[in-house]
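To start, the structure itself, in structure tokens.
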Amino acid sequence: MLVVALVACKGGEKTATTETSRTKRTDEVAPRPAAPRHVAPKGTIAGKPFAPNVVVLVDGSDGGKLGLYAASDEELRDRHPCEEPMGSDSTFDITKYAAIEDWKVGTTLISELGNWGATGVDGNAKPKGSAKVTLTKKDPKTFKVAGTIEIAGDGWSLSGPFEGDYCPTKSVKREATPPWTMAPVAAADLPTTPLEAIVAGVPTKIVHVTVREVPYYDHTTRQRFVFYTATPPEPCSARPEGGHSRSYSHGELIAEDKPAFQADSFSLDLTAVPTAGAALAGNNHSDHGEKRDQIIDADLQVFEPDGYRGWRYAQYYSAALAVDAVTDREVRARVQLSLPDEGKSLLLGSFTATRCPAQTD
């Protein structure tokens, strides 16, 4: 299951969404100047005038999505790059999904209008006609996309150049190869080699590990190991999770929440404090069985390179943990964790975790 806040859940896969709250907050933020409008042609969609001012090409676990949005002034003022406007009843958009590899610079993507999504029009309508999109730029360093679009048929008419945000994903599709496995793994067989990791399909170094008690939504507590791919601001910083959210009062932005820092991380949850000599296992996948082992949960939190979107794989897993030594300050252990996300993410090897004070919220 993929979770998004902006979070994205790849539930097998994840796609970013935005969580918007309209509750009043007292921690006010300074108003931001209006964001620039993107270049896009004007035309008609299902016979209605359409003047998009936001263009976004988003890569995610389910492919690439090109969206042209006619956002409200409020949404335009407050939006972040790579945010897809969706918080106002006035939002009007058209979108097209295709495989990421189909969105190539210089190649024309031709599709039937019935394969495009649209809001603000009859969802059951299947207009006749075609759409052609040709990208002239898709730059993951500047996060910019440009191209031309030509749509014609059944009250749909839109033709001309566009420029907007390109939002790549870190996720790389990878075939399942050993030692990655969803079969049960024996803790006694775990290697003593230094910890290796594959995050969303890409070999990645784990630079810091913590273990602490954390509260859980059902009013219980868990012992949680967190494996960071980047050094947190403090050794015992709380794990960054989720994405951006905003609060409004009377149509005005009064507060904005986001993670204190961004570092991709794995987590592994136990039911009890780890003790020396413990050999633990956990497996939750296609049988949908109850999690009765002492490893009761595992997930991967990823922040996309645009700095705004984030997603989490938090559903099936296979894991084993062998605890070699425990002191007041650290836990030395060995782990294997396999997640069946698109990139077949993996943890394998020995590590030392810093013991941190219990987290209270």
Side-chain angles (χ1 to χ4, degrees), residues 15-18 34-73 75-76 79-169 304 306 309:
T15 304
T17 61
T18 303
R37 295 171 179 260
H38 291 163
V39 173
K42 297 180 181 179
T44 59
I45 298 298
K48 297 182 180 182
F50 183 48
N53 48 29
V54 174
V55 180
V56 184
L57 177 60
V58 176
D59 288 347
S61 60
D62 49 0
K65 182 177 75 170
L66 177 67
L68 284 77
Y69 303 86
S72 67
D73 290 341
E75 289 177 306
L76 193 64
R79 77 173 291 271
H80 293 260
C82 289
E83 180 181 2
E84 300 168 70
M86 60 183 65
S88 168
D89 292 339
S90 65
T91 299
F92 186 23
D93 65 69
I94 58 173
T95 58
K96 170 60 181 172
Y97 278 97
I100 291 176
E101 55 270 22
D102 289 343
W103 295 107
K104 292 181 180 178
V105 172
T107 299
T108 299
L109 181 64
I110 302 175
S111 58
E112 297 297 321
L113 286 185
N115 294 328
W116 283 68
T119 58
V121 301
D122 181 2
N124 296 318
K126 294 296 181 183
K128 294 181 180 179
S130 63
K132 299 179 182 179
V133 178
T134 305
L135 298 186
T136 57
K137 176 191 288 187
K138 190 176 80 166
D139 191 335
K141 293 182 179 179
T142 62
F143 304 106
K144 297 298 182 183
V145 67
T148 59
I149 188 168
E150 182 181 338
I151 291 179
D154 273 8
W156 291 50
S157 177
L158 194 69
S159 180
F162 63 82
E163 296 178 7
D165 299 335
Y166 171 52
C167 312
T169 179
E304 295 289 24
D306 54 70
R309 298 175 301 147

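Numbering starts at 1 and runs along the sequence shown.
- Contact annotation: the side chain of D165 approaches that of R79 to within less than 4.5 Å [non-hydrogen atoms, C-beta and beyond].
- Judged by distance alone, with hydrogens and angles left aside, the side-chain atoms of D139 form no donor-acceptor pair with the main-chain N or O of K144 at under 3.5 Å.
- One finds the OH atom of Y69 at 13.5 Å from the CG atom of L76 (value rounded to the nearest 0.5 Å).
- A donor-acceptor pair is defined here as one N or O able to donate and one able to accept, closer than 3.5 Å; such a pair exists between the side chain of R309 and the backbone of C167.
- Between atom OG1 of residue T142 and atom NZ of residue K137 there is a gap of 5.5 Å, rounded to the nearest 0.5 Å.
- Atom CZ of F50 and atom CD1 of I94 lie 4.5 Å apart (nearest 0.5 Å).
- No side-chain heavy atom of V133 sits less than 4.5 Å from a side-chain heavy atom of K96.
- Side-chain contact between P52 and F92: absent, with no pair of heavy atoms (C-beta onward) separated by less than 4.5 Å.
- From D93, atom CG reaches atom OG1 of T119 across 3.5 Å, with rounding to the nearest 0.5 Å.
- In this structure the side chain of L135 reaches within 4.5 angstrom of the side chain of L57, judged on heavy atoms.
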Donor-acceptor list for residues 148-159 side chains, cut-off 3.5 Å, not counting sequence neighbours:
residue, atom, partner, partner atom, Å
D154, OD2, K128, N, 2.8

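- Considering every non-hydrogen atom in both A70 and A51, the closest pair reads CB-O, 3.8 Å.
- By the 4.5 Å heavy-atom criterion applied to side chains, V55 and L66 are counted as neighbours.
- Residue N53 holds its CG atom at 10.0 Å from NZ of K42, rounded to the nearest 0.5 Å.
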In a table with atom names and distances, give each donor-acceptor pair under 3.5 Å that connects a side chain of residues 99-115 to protein atoms at least two apart or in another chain.
residue, atom, partner, partner atom, Å
W103, NE1, G64, O, 3.0
T108, OG1, T134, OG1, 2.7
S111, OG, W116, NE1, 2.9

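- With K65 as the partner, the side-chain contact (heavy atoms from CB on, under 4.5 Å) test is satisfied by one option alone out of V56, T95, D59: T95.
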